Visitor: 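This is the structure I have questions about; it appears just below.
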Amino acid sequence: MDKVIYLDNNATTAVAPEVRDAMEPFLRELYGNPSSIHTFGGRVAHYVEEARERVAHLLGADPSELIFTSCGTESDNAAIRSALGTSPERHHIVATRVEHPAVRNLCQLLATPGPGRAHYRLTELPVDAKGMLDLGEVDRVIDDDTAVVSVMWANNETGVIFPIEEIGALCRKRGVLFHTDAVQAVGKMPINLARMPVDMLSLSGHKLHAPKGIGVLYVRRGTRFSPFIVGGHQEHNRRGGTESVPLVAALGKAAELAEKNMAVEQTRVGALRDRLEKGLLAGAPSAMVNGDREHRLPNTTNISFEFVEGEAILLMLDQFGICASSGSACTSGSLEPSHVMRAMGVPFTAAHGSIRFSLSVYNTEEEIDRVIEVLPPIIRRLREISPFGREKLAAAK
Amino acid sequence: MWDYTEKVKEHFLHPKNVGEIPNPDLDATVGNITCGDALRLMAKLDKTGRIAEAKFQTFGCASAIASSDALIDLIKGKTLDEAAKITNDDIARFLGGLPEAKMHCSVMGMEALQKAIATYRKTPFTLEDEGKIVCRCFGVTDKLIEKVVREHNLRTIEEVTHYTKAGGGCGGCHREIEAILARAHGRAPAQAAPAERAPRAMTNLQRINRIQEVIASEIRPLLQADGGDIELVDVDSTRVQVAFRGHCAYCRVSDVTLKGSVEAKLRELVDPEIVVEDVGDKPSKR
């Protein structure tokens with residue numbers, strides 16, 4: 001197989017070599033427990049706090065506002081359940097129709113009556129054809145019963161960025177807790193929580209070149225919090241369980257790198273993404289970009305190729321060592337296309353053929369040009385096999 | 001990533017039987033683009049009644065394309081009686097097996113073949129014509145479910161979904177599938193399904209299928225009589241987006257057509273809440 005061309009960085013990222021080096025001492029000599037009273041363990045606590053400071057710096061937060069968790073999903077669960085737990089008199093959750101399953105499935109579960117479960121009401125905000133939210137709608141759906149509003153910072157499938165500052169301000173005005181799943185945004189765009197009306201934020205290490213198994217929940221100082229995982233006194237009694245020191249150290253390093261690479265992400269990665277998008281749209285007729293192209297992460301593009309199916313495209317790309325992902329039914333783990341494409345009203349003829357490319361700072365121009373070279377013939381080949389679209393494609397010529 | 005056999009990959013990457021046959025003797029399409037896979041099978045018979053030439057066109061994933069190609073290899077040179085005996089298992093076996101969740105791709109091949117033969121012989125296509133739709137999301141009949149349950153000794157709803165897609169959408173038909181499973185295995189249904197169950201709200205896929213039916217059978221013929229046409233663009237709950245084609249696209253009274261006949265028909269036959277929008281001239285939809 002050819003050398004791997006990895007364009008699936010919204011799924012997970014390569015562990016940066018610097019990050020690997022940073023965690024190594026904690027897999028060797030520095031194996032102590034940061035909660036121990038002896039010097040050997042206590043020494044490790046220092047590194048945990050150093051990592052916390054680095055992540056806090058990336059977010060514009062105070063280190064005391066960060067809780068290390070095991071992943072983005074845990075952070076989301078902890079945030080939403082804490083919001084509900086600390087406002088027991090309120091029973092309404094507001095989210096969007098395009099949230100990641102970590103938020104969406106949790107909220108839907110909470111809104112499903114079941115034995116031993118408090119019953120919550122869920123409003124899922126719609127998005128328009130470009131995947132954008134209507135701010136007026138956010139304001140309209142919040143009521144006296146609303147406990148929490150959870151809106152992702154950037155969508156994982158399209159890269160569309162939501163107006164977090166405006167939504168947060170609305171929530172603050174209405175006295176409602178605001179959580180954002182920023183798993184896709186952190187490291188790809190500048191974030192300064194000191195100036196943002198955000199109460200809670202989730203992030204995941206493996207989306208920014210740290211290993212899998214580490215996440216963070218930011219809880220703004222002064223926000224009431226009830227722990228999700230109950231146990232020891234770690235993380236100031238906010239998350240039980242011995243800290244995964246190697247992974248915490250890795251995330252600290254990854255945060256430092258992300259801050260250093262922020263300009264590259266915004267310029268060079270963004271330019272590569274634009275080059276890819278332009279090349280593919282020029283190379284394949286009846287293709288369209290899904291999601292707003294202006295308010296979008298610099299590393300993501302989601303393109304629908306009409307009349308062909310995503311899994312088939314991905315497997316043909318795989319022959320060239322090219323890694324991407326799709327919102328088609330066959331790859332969504334169900335029999336229906338992705339909920340994000342559906343929420344945006346992308347026609348079925350296009351939703352099944354949607355392909356997401358997500359880049360990182362490690363991608364090169366040669367790699368992008370290789371994709372522009374091999375993908376259009378793949379689309380042509382699959383359209384020859386497909387019974388659909390002949391008239392339209394002939395007319396487009 | 002699916003665990004496909006080398007044989008599946010070979011037939012997916014290098015299918016030998018793709019194409020169209022002009023004036024085919026046998027011609028049948030099953031599935032549709034909404035559901036995520038569709039297969040058109042075409043074949044010509046020689047003087048002795050054997051399948052001399054056969055081709056396919058498929059929209060779908062790797063295993064759908066591979067299953068279609070395998071089907072054609074299997075039927076070539078066979079009489080229709082011989083071909084009619086081919087099962088989805090033959091297709092799966094030919095490919096060295098399919099992942100469990102992809103068995104429905106081989107079933108689609110078998111369905112297309114049976115439909116093509118039935119249409120050619122002008123006999124009813126039992127699996128579609130004589131069956132009752134159980135899964136409205138994917139348009140699967142009780143006959144088809146029963147057939148695969150018996151042939152493969154399926155025991156659970158999940159297995160039925162893997163083989164037919166039935167039950168893989170809204171889940172509203174799970175009790176009916178349960179009843180078919182019970183009947184096939186000669187036992188009483190776990191809980192006798194109450195005869196009158198409150199009808200579930202339609203899911204988007206059910207709605208789309210119904211709307212497509214109504215457009216095809218009731219609305220399109222009217223417009224085509226005037227040199228126009230209509231295309232369903234999307235359905236979002238009760239919001240139905242259509243695009244007018246042909247004369248209707250330029251017709252200044254198409255607004256009247258939209259509200260007066262299209263919306264009225266859909267409200268009457270599908271859902272009284274439906275609102276129809278014309279999105280034909282929006283550049284984003286091209």
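Letters go in sequence order (proteins before strands), and every chain restarts at 1. The shown structure was predicted, so the numbers you read here are calculated from the model rather than taken from an experiment.
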Visitor: Between B:I65, B:T58, B:V18, who has the most heavy-atom pairs with chain A when the cutoff is under 4.5 Å?
Guide: B:T58
Visitor: So which residues of residues 376-385 of chain A are in contact with chain B at a heavy-atom cut-off of under 4.5 Å?
Guide: A:R381, A:L382, A:E384, A:I385
Visitor: Run the ring pair (Phe, Tyr, Trp, His ring centres under 6.0 Å) test against A:H206 and tell me which residues pass, sequence neighbours left out.
Guide: none
Visitor: Is the Lys NZ or Arg CZ of A:K392 less than 6.0 Å from the centre of A:F307's six-membered ring, within 45° of the axis?
Guide: no
Visitor: Taking side-chain contact (heavy atoms from CB on, under 4.5 Å) as the test, write out the residues that go with A:S304, two or more places apart.
Guide: A:M288, A:N290, A:V346, A:A350, A:S354
Visitor: Can you tell which part of B:N17 gets under 4.5 Å to a heavy atom of chain A, answering side chain, backbone, both or neither?
Guide: neither
Visitor: Checking heavy atoms, do the side chain of B:I33, its backbone, both or neither come under 4.5 Å from chain A?
Guide: both
Visitor: Can you give the donor-acceptor pairs under 3.5 Å from side chains of residues 101-115 of chain A to other protein atoms, not counting sequence neighbours?
Guide:
unit_1: A:Q108; atom_1: NE2; unit_2: A:E124; atom_2: OE2; d: 3.2
unit_1: A:T112; atom_1: OG1; unit_2: A:Q108; atom_2: O; d: 2.6

Visitor: Between A:D128 and A:G131, is there a donor-acceptor pair closer than 3.5 Å when you use the side chain of the first and the backbone of the second?
Guide: yes
Visitor: Which one of B:I145, B:V134, B:V160 satisfies the side-chain contact (heavy atoms from CB on, under 4.5 Å) criterion with B:V140?
Guide: B:I145
Visitor: Count the heavy-atom pairs under 4.5 Å between each of B:R40, B:R239, B:K55, B:K165 and chain A, then report the option with the highest count.
Guide: B:K165
Visitor: Answer yes if the side chains of A:K207 and A:N156 hold a donor-acceptor pair under 3.5 Å, and no otherwise.
Guide: no
Visitor: Given A:T13 and A:Y6, is the side-chain contact (heavy atoms from CB on, under 4.5 Å) satisfied, shown in steps?
Guide: CA-CA 9 Å; A:T13 58; A:Y6 190 76; 5.7 Å; no
